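Take a look at the structure below.
Naming convention: chains lettered A, B, ... in sequence-line order (proteins, then strands); numbering from 1 in each chain. Just so it is clear, the structure is predicted and the values come from calculations on it, not from any experiment.
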Number of protein chains: 2
Amino acid sequence: MESKRDLAKLSALGYRITQQRRLVLGVFLADPCLQSAEDIYDKCREIDSSISYPTIYRTLDILVEAGMVRKTHFNQGKSWYEAADNNLHHHHLVCRECGSRFSLRGCPMDLLEEELQRAQFKVLDHQFEIMGICKDCQSV
Amino acid sequence: MESKRDLAKLSALGYRITQQRRLVLGVFLADPCLQSAEDIYDKCREIDSSISYPTIYRTLDILVEAGMVRKTHFNQGKSWYEAADNNLHHHHLVCRECGSRFSLRGCPMDLLEEELQRAQFKVLDHQFEIMGICKDCQSV
DNA sequence: CTGAATGCAAACGGTTTGCACGCCC
DNA sequence: GGGCGTGCAAACCGTTTGCATTCAG
């Protein structure tokens with residue numbers, strides 16, 4: 001299923017619907033988890049072996065701008081992307097051993113509304129990530 | 001005041017007390033706020049114009065390992081450091097316009113203990129940052 | 001047909017590494 | 001004096017940019 005809605009949204013923003021953009025969108029539809037630019041590049045390459053990193057990054061920028069993808073930064077100098085779709089907003093536990101990621105339910109931002117209002121700070125984005133050792137890696 | 005305790009801690013871990021390490025420690029004592037490696041490099045250079053980036057980074061690694069400094073990642077590919085000292089653990093609001101940072105009181109981790117225990121996830125570190133527009137920049 | 005989007009190669013910025021020299025213990 | 005720590009230069013890695021070509025509209 002290729003999201004007609006997403007393509008329409010890009011179109012509405014004045015962006016052309018190219019093979020490459022379809023492809024990147026498809027990768028996000030296929031996997032709602034956090035993915036690095038490299039992950040996305042690799043998956044796209046399996047289908048179209050000529051797609052390039054600049055196109056991946058340019059497309060990701062557009063998708064973030066369009067609000068269809070969320071971008072976060074856990075580890076040193078690497079960005080992670082995930083579909084920002086209708087799913088419930090959530091955060092992650094990240095295992096430092098094996099790199100696997102687990103979803104947390106809910107978001108602690110809800111609990112800070114009062115304090116933020118007092119600071120008169122206009123929130124655009126936030127990130128909340130917990131690093132540690134997952135259950136499986138502890139037992140090794 | 002140069003923290004005798006911090007130096008002793010480094011010593012106890014088997015690290016030598018060098019001019020450069022004293023200097024970097026001094027910078028953290030002088031400013032408890034978030035600082036980038038570049039900030040620290042510049043401040044050190046004012047005092048010892050021969051100190052190098054590799055030394056800054058190597059020293060920061062040591063201080064993080066020793067638990068004396070905390071490292072976080074807000075923006076694309078840049079790390080931020082702050083003294084992890086006796087001050088209350090806290091997080092930040094980061095203004096996307098002017099880059100200034102404001103402290104939040106408290107930490108939402110406290111509220112997640114139950115869920116983390118259920119996941120049997122051993123927490124090593126976490127980061128929580130809120131990006132937006134500060135009061136002053138909104139009125140411009 | 002026109003200009004937005006692409007791929008290539010090369011630059012970028014923050015960080016790390018290899019190596020010979022220097023200095024703490 | 002032995003070896004950890006340093007500075008230098010150069011590599012590294014993720015990301016971005018300039019430019020000629022291609023293709024969506």
Can you measure [X] atom [atom1] to [N] atom [atom2] for me and round it to whole angstrom units?
X: B:D42; N: C:dG13; atom1: CG; atom2: C1'; value: 15 Å
X: A:I17; N: C:dA5; atom1: CD1; atom2: P; value: 10 Å
X: A:L7; N: D:dA24; atom1: CG; atom2: P; value: 13 Å
X: B:K71; N: C:dT15; atom1: NZ; atom2: P; value: 7 Å
X: B:R16; N: C:dG22; atom1: CZ; atom2: C1'; value: 11 Å
X: A:K78; N: D:dC12; atom1: NZ; atom2: P; value: 17 Å
X: B:I62; N: D:dG5; atom1: CD1; atom2: C1'; value: 9 Å
X: B:I56; N: D:dT6; atom1: CD1; atom2: P; value: 10 Å

Is any side-chain N or O of [X] closer than 4.0 Å to OP1 or OP2 of [N]?
X: B:S79; N: C:dT15; value: yes
X: A:T18; N: D:dA24; value: no
X: B:R21; N: D:dT6; value: yes

**Request:** Evaluate side chain to side chain donor-acceptor pair (under 3.5 Å) for A:H126 paired with A:H91, printing each intermediate quantity in order.
**Result:** CA-CA 10 Å; A:H126 66 282; A:H91 296 283; 3.1 Å; yes
**Request:** Specify the residue among B:R45 and B:Y15 whose closest nucleotide of DNA chain D lies further upstream toward the 5′ end.
**Result:** B:Y15
**Prompt:** Taking the nucleotide of DNA chain C with the closest heavy atom to each, which residue, B:Y53 or A:Q20, is nearer the 5' end?
**Reply:** A:Q20
**Donor-acceptor pair, side chain of B:R21 and main chain of B:R16, under 3.5 angstrom** = yes
**Message:** What verdict does the side-chain contact (heavy atoms from CB on, under 4.5 Å) test give for B:L93 and A:L116, after you've listed the backbone C-alpha separation in whole Å, the side-chain angles of each residue and the deciding distance to 0.1 Å?
**Reply:** CA-CA 9 Å; B:L93 304 173; A:L116 292 169; 3.4 Å; yes
Could you list the donor-acceptor pairs under 3.5 angstrom formed by side chains in residues 25-39 of chain A, with sequence neighbours left out?
unit_1	atom_1	unit_2	atom_2	d
A:D31	OD1	A:C33	N	2.9
A:D31	OD2	A:K43	NZ	3.3
A:Q35	OE1	A:K43	NZ	2.7
A:Q35	NE2	A:D31	O	3.0
A:S36	OG	A:E38	N	3.4
A:S36	OG	A:D39	N	3.1
A:S36	OG	A:D39	OD1	3.4
A:S36	OG	A:D39	OD2	3.2
A:D39	OD2	A:S36	N	2.9

**B:R58, nearest nucleotide to its side chain (from D:dC8, C:dG14, C:dC25)** = D:dC8
**Message:** Side chain of A:A37, heavy atoms from C-beta onward: which of D:dG7, D:dT15, C:dG7 has the nearest atom to it?
**Reply:** D:dT15
**Asked** How would you label the contact of A:S36 with the nucleic acid (heavy atoms, under 4.0 Å): base, sugar-phosphate, or nothing?
**Response** nothing
